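Written below as structure tokens is the structure these notes are about.
It should be emphasised that the depicted structure is a prediction, and the values quoted were computed from it without experimental measurement. Proteins come first, then strands; the chains are lettered A, B, ... in the order of their sequence lines, and each starts at number 1.
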There are 2 protein chains.
Amino acid sequence: MLGERNRKVLFAVIQCYMNAPGPVGSRVVTKKFSFGLSPATIRNIMSDLEEMGYLRQPHTSAGRIPTDSGYRLYVDTLITGKDYVNDELLLELYKRLETLNKDINYFHDRASKVLSSLSNYIGIIMSPKTGMTTLNKIELLKYRKNQVAVILFTDEAMIRNKVVSIDPEISQKDLNRISGYINSEFAGFTVEEIRRIVLNEMSEERNICDSLISEALKICRNVFSSAEGDIYVSGLSEMLDLPDFCDIDRIRLLLKTIEDKHLIVELLDKISASDGTQVFIGSENPIDEMKNFSMVISTYNEGSKPVGAIGLIGPRRMNYLKAISIVDMTANYISNILLDR
Amino acid sequence: MLGERNRKVLFAVIQCYMNAPGPVGSRVVTKKFSFGLSPATIRNIMSDLEEMGYLRQPHTSAGRIPTDSGYRLYVDTLITGKDYVNDELLLELYKRLETLNKDINYFHDRASKVLSSLSNYIGIIMSPKTGMTTLNKIELLKYRKNQVAVILFTDEAMIRNKVVSIDPEISQKDLNRISGYINSEFAGFTVEEIRRIVLNEMSEERNICDSLISEALKICRNVFSSAEGDIYVSGLSEMLDLPDFCDIDRIRLLLKTIEDKHLIVELLDKISASDGTQVFIGSENPIDEMKNFSMVISTYNEGSKPVGAIGLIGPRRMNYLKAISIVDMTANYISNILLDR
DNA sequence: GTTTAGCACTCTCCATGTTTGAGTGCTAAT
DNA sequence: ATTAGCACTCAAACATGGAGAGTGCTAAAC
């Protein structure tokens, strides 16, 4: 069991390490925090903390660095404590979030910038995976010869469009009938559900008597093919200013992972199922390539259904309090925007 | 005046430097190329080339490195020579470009990936600046209370949508009349032109007698506000594998510039006016932050009008022949796709 | 006159010592 | 239980010294 004093020392080490990378020694701790204890005593305590697995020494005769379990303890305390970060940050955050409201069209872009610029970490935001969104209405507009523009209105306050090529030309009038059919059959279902239904219908091959319906199904199959959620990333360059990134290979690995996208999309997607803000510290990170980083992730909702995810990626020694506050509040804010519309 | 032999030596140095960074010495040149000359003679020639400003020495007793003017000479020769790169590359390029055709919706994303993965440099592609595109048709669809989805069909085979809030609710029927009005008035104009016209009309304040038209103008002003062209970047991580990027500050600077976007958008935008493939070598680069890199840029057209730009960003010692070939062909390919549709 | 061999010289790079300073662990005193 | 003192350790910074690659120059060869 961890005594109150030991815990305070652990958190002190974490504080120091947050401000500057590199092992933190006993003297520094006594100077920055007034425990009323001498360095020697602190040393003993730190030695104990190391035995318990909360701290580690990169090498003999160096200071200590918090381990992932040390951070875990810290973060758990933070979360149950509910101490939010200072008011200035919150004010600044609100000021920036307000601009989100102005033009919902670019809100992904904006939101990721807000996340990153305020935290100096990498901000990511995942638009709803198309499969998860609910179809509100569909419109088919003839575009050019053999091409139809499909406008997808979703419940999630988003519009997607896609151009579909069709083989025999169809008149706008017929297109209207088709969209009418799709709307009456499928409105209210999620895209993923529609996809499954359509595939079933088609395999049973019985509806082909009505050529319009068969055409409608063809279009559906094309439009409702599962598409990956898109992610928006920003703040890479700010992040490189942190002293942690003196190592070039780390940058490389990080960039590759982020550019690859699908690993992150997968993760965020999994997260979307659950609720609330989650923190992955170093080795806890489900993505192998990210085991040198920490992530703070949350979901944003439409009503009560989570439809997208936002998050921050930072160094393991990131300012968790700040990061959690930012992510948490931004997620809530976005949820509110979506609700009010 | 530069003799034939000297020129050959210069190009030889460029070749060597392309394959591996670091000064190239006289011995290496004689070994890799059979000039039938001894290192000593090559040294003399290189010394002459240095005097002429085509080569430079990082320090005494090191080999030579091509200067920007050296590269300029080389590239100019390439371009007038029209020797394209080998057939394998072209085949590979065509194979990848084919997939562009399949789904025009994601073609930006795809095209930038093709550019970067084939060259190992950074691929960029700029979608047409909205202002430059020509309005083909507009559709207004009622979305929610007080919200209208505006679907913009452009001549450039692209569809854009935007959600606009309007104050007094308008029925779909009226929306149809409005879109009919806009279509009849403005189809065929570029977005920028429309914007200017609308601003004029509004300032004259005389049309407000017809409230529908005034409403139409309001929507126009909102929709046709000039929006920046979007750029898609890919290949950052591959680029980092090049030995040139041992220096962390270069990476930082490059990333910042790219993430900033607007400098690049501006440049590409200026380029769009002119035609053909352009090469910026090192210090020739109009963007200060990029004076350590080279760019190969071209435009793609809809018919004869340039509507977007693509390009490659690489180290100064990039393989210009390959880069120019890739950019050139990709631009042509895209132009053809847009034409055939 | 052009080309080349030979040689002295220069400069980077790498590996190897050396020093310095921060920090610990232990022991003995408080 | 805490602390002062001291010996010990290790990384990072700095210095030293070839080794190697490459040049420039000169004098000889073609």
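Salt-bridge formation is detected for the pair D76(A)/R72(A): a Lys NZ or Arg NE/NH1/NH2 atom is positioned less than 4.0 Å from an Asp or Glu carboxylate oxygen. By the 4.0 Å N-to-carboxylate-O rule, E289(B) lies too far from K256(B) to be salt-bridged with it. Salt bridge status for E266(B) with K270(B): absent, with no side-chain N to carboxylate O gap under 4.0 Å. Here E50(B) pairs with R64(B) in a salt bridge; the nearest charged N to carboxylate O distance falls below 4.0 Å.
Under the salt bridge (Lys or Arg N to Asp or Glu O under 4.0 Å) test applied with D68(A), the options R56(A), R316(A), K291(A) reduce to a single match, R316(A).
If you check residues 17-31 of chain B against DNA chain C, you find no residue with a heavy atom closer than 4.0 Å. The stretch residues 34-46 of chain B touches DNA chain D through R43(B), M46(B), each having a heavy atom within less than 4.0 Å of the strand. Residues from residues 59-66 of chain B placing a heavy atom under 4.0 Å of any atom in DNA chain C, listed by number, are H59(B), T60(B), S61(B).
The two residues Y121(A) and I313(A) come nearest to each other via the heavy atoms CB-O, 3.2 Å. Here the closest heavy-atom approach between residue N319(A) and residue M18(A) is recorded as CA-SD, 3.5 Å.
More than 12 heavy-atom neighbours from other residues, nucleotides or ligands sit within 6.0 angstrom of CZ on R252(A).
Straight-line distance from the CD atom of Q57(B) to the C1' atom of dG22(D): 9 Å, rounded to whole Å. Between the P atom of dT24(C) and the CG atom of L55(A) lies a distance of 11 Å, rounded to the nearest Å.
No side-chain heavy atom of Q57(B) sits less than 4.5 Å from a side-chain heavy atom of P23(B).
The aromatic rings of Y74(A) and F11(A) stand perpendicular to each other, their planes meeting at an angle above 60°, with 30° marking the opposite boundary.
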